[in-house]
Amino acid sequence: MQIYSYSIPEFNFYYTSIPIYNKDNQIISILKINRHRILTQLFHMLLRTGMPYCYNAFSIDNKALYKIDCVFTGVRYTLYSNSALKKVAITQKRVQLIEKTQRFTINGDVYRFEKDYTHSGTLTLNDKKIATIRNLDHTTTNLTKRIHIEAINDIIASLIAILYQTFI
């Protein structure tokens, strides 16, 4: 598997572009926050910690690769895949008290994203592991969180990054 990384700034705004780097320190794609819908924006402003965001992945020439959207945070997630040219529903299944797995199908292939209590995640394709992701910074002393990815290719690295950012 190939190695990738990116850093999430502590203060992440709508206009923030988060580059994903390969092991040669070249940018392979860019993550951006998907704006909240109106009702979610109201709750986001009322809560001190805010509501989690959904994310988009773009190629370096600004073409959409993947986009996750939801009706309201935690409700009815969908994934838009540029390769499949359609939206697919993401189903969530509770594994333990807190942990959930996300599952979706693109072109007949079943993808499953599973995260655990250590803030690590695994992406499988038809029950074969194709990517892993983990947070390297377990303390909040830095102003950024460094994320490490191992994936079979650049597209899968972008996919696991938006899944991780949306569901962690």
Side-chain angles (χ1 to χ4, degrees), residues 1 4-10 12 14 18 20 29 31-57 64-84 86-140 144-153 155-168:
M1 286 202 217
Y4 304 91
S5 64
Y6 65 96
S7 296
I8 299 292
E10 182 179 8
N12 199 359
Y14 290 123
I18 304 162
I20 300 176
S29 64
L31 298 178
K32 291 184 181 179
I33 291 176
N34 193 10
R35 281 189 161 280
H36 286 310
R37 295 179 187 220
I38 299 295
L39 184 60
T40 311
Q41 267 185 337
L42 292 172
F43 278 101
H44 180 78
M45 288 186 268
L46 291 174
L47 298 174
R48 286 184 177 192
T49 57
M51 302 292 284
Y53 293 101
C54 294
Y55 282 79
N56 304 328
L65 298 173
Y66 294 104
K67 175 182 179 178
I68 294 181
D69 198 12
C70 64
V71 174
F72 185 80
T73 301
V75 179
R76 228 172 61 203
Y77 286 98
T78 56
L79 172 75
Y80 177 78
S81 169
N82 193 31
S83 62
K86 64 178 181 177
K87 284 187 177 184
V88 294
I90 299 174
T91 58
Q92 297 188 67
K93 180 182 175 187
R94 188 163 304 282
V95 178
Q96 292 183 5
L97 185 61
I98 299 173
E99 286 90 10
K100 292 181 181 178
T101 62
Q102 287 73 30
R103 186 175 171 215
F104 53 94
T105 304
I106 299 176
N107 296 333
D109 293 323
V110 178
Y111 292 82
R112 187 176 51 138
F113 177 68
E114 188 171 344
K115 58 192 179 308
D116 61 22
Y117 67 93
T118 64
H119 296 284
S120 298
T122 304
L123 181 64
T124 59
L125 170 62
N126 298 328
D127 294 326
K128 180 183 173 198
K129 183 168 42 169
I130 58 171
T132 60
I133 189 167
R134 63 188 164 98
N135 185 350
L136 296 177
D137 298 321
H138 297 291
T139 59
T140 56
T144 61
K145 293 180 188 171
R146 296 172 301 148
I147 309 296
H148 175 82
I149 301 172
E150 292 180 25
I152 59 172
N153 61 35
I155 301 297
I156 298 299
S158 300
L159 176 60
I160 196 168
I162 66 165
L163 289 167
Y164 182 80
Q165 289 304 127
T166 300
F167 295 114
I168 287 290

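Side chains included, hydrogens not; waters and symmetry mates left out as well; all remaining heavy atoms used.
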To the nearest 0.5 Å, tell me how far Thr78 OG1 sits from Ile68 CD1. 8.5 Å

Calculate, to the nearest 0.5 Å, the distance between atoms CZ and CZ belonging to Arg134 and Arg146 respectively. 10.0 Å

Does Asn126 reach the main-chain N or O of Val110 with its side chain, forming a donor-acceptor pair under 3.5 Å? yes

Flag side-chain contact, heavy atom, 4.5 Å: Asn153 against Ile156: yes

To the nearest 0.5 Å, atom CG of Leu123 lies from atom CG of Leu163 at 6.5 Å

For the pair Ile162 and Leu79, evaluate side chain to side chain contact (heavy atoms under 4.5 Å, CB included) and give the outcome as yes or no after the intermediate values. CA-CA 10 Å; Ile162 66 165; Leu79 172 75; 4.1 Å; yes

Using the ring of each side chain (for Trp, its six-membered ring), is Phe113 parallel, tilted or perpendicular to Tyr164, with breaks at 30° and 60°? perpendicular

Set of residues satisfying side-chain hydrogen bond (donor to acceptor under 3.5 Å, both in side chains) with respect to Asp127, sequence neighbours excluded: none

May I have the step-by-step check of side chain to side chain contact (heavy atoms under 4.5 Å, CB included) for Leu159 and Tyr111, ending in yes or no? CA-CA 10 Å; Leu159 176 60; Tyr111 292 82; 4.2 Å; yes

Could you report the tightest heavy-atom contact between Thr122 and Ile160, atom names first, then the distance? C-CD1, 4.4 Å

Residues two or more places apart in sequence or in another chain: which of them pass side-chain hydrogen bond (donor to acceptor under 3.5 Å, both in side chains) with Ser81? Ser83

Just by distance, do the side chain of Thr91 and the backbone of Arg103 share a donor-acceptor pair under 3.5 Å? yes

Determine the minimum heavy-atom distance between Lys100 and Lys115, stating which atoms define it. O-NZ, 3.4 Å

Closest approach of Ser7 and Pro9, non-hydrogen atoms and distance? O-CD, 3.7 Å

Separation of Ile149 CD1 from Ser5 OG (nearest 0.5 Å): 8.0 Å

How would you list, by chain and number, every residue that makes a side-chain hydrogen bond (donor to acceptor under 3.5 Å, both in side chains) with Tyr6, sequence neighbours excluded? Gln165

Run the side chain to side chain contact (heavy atoms under 4.5 Å, CB included) check on Tyr66 and Asn56 step by step: do they pass? CA-CA 6 Å; Tyr66 294 104; Asn56 304 328; over 6 Å; no

Might you point out which heavy atoms bring Ile20 and Ala157 nearest each other, and give the distance in Å? CD1-O, 4.4 Å

Of all the heavy-atom pairs spanning Ala89 and Phe104, show the shortest one and how long it is. O-CB, 3.5 Å

Distance check, rounded to the nearest 0.5 Å: Leu125 atom CG versus Arg112 atom CZ? 11.5 Å

Which pair of non-hydrogen atoms, one from Leu65 and one from Ser158, has the smallest distance, and what is that distance? CD1-OG, 3.9 Å

State the NZ-OG1 distance between Lys67 and Thr166, to the nearest 0.5 angstrom. 11.5 Å

Begin from the C-alpha positions of Tyr80 and Asp69 and carry the test side chain to side chain contact (heavy atoms under 4.5 Å, CB included) through to its verdict. CA-CA 8 Å; Tyr80 177 78; Asp69 198 12; over 6 Å; no

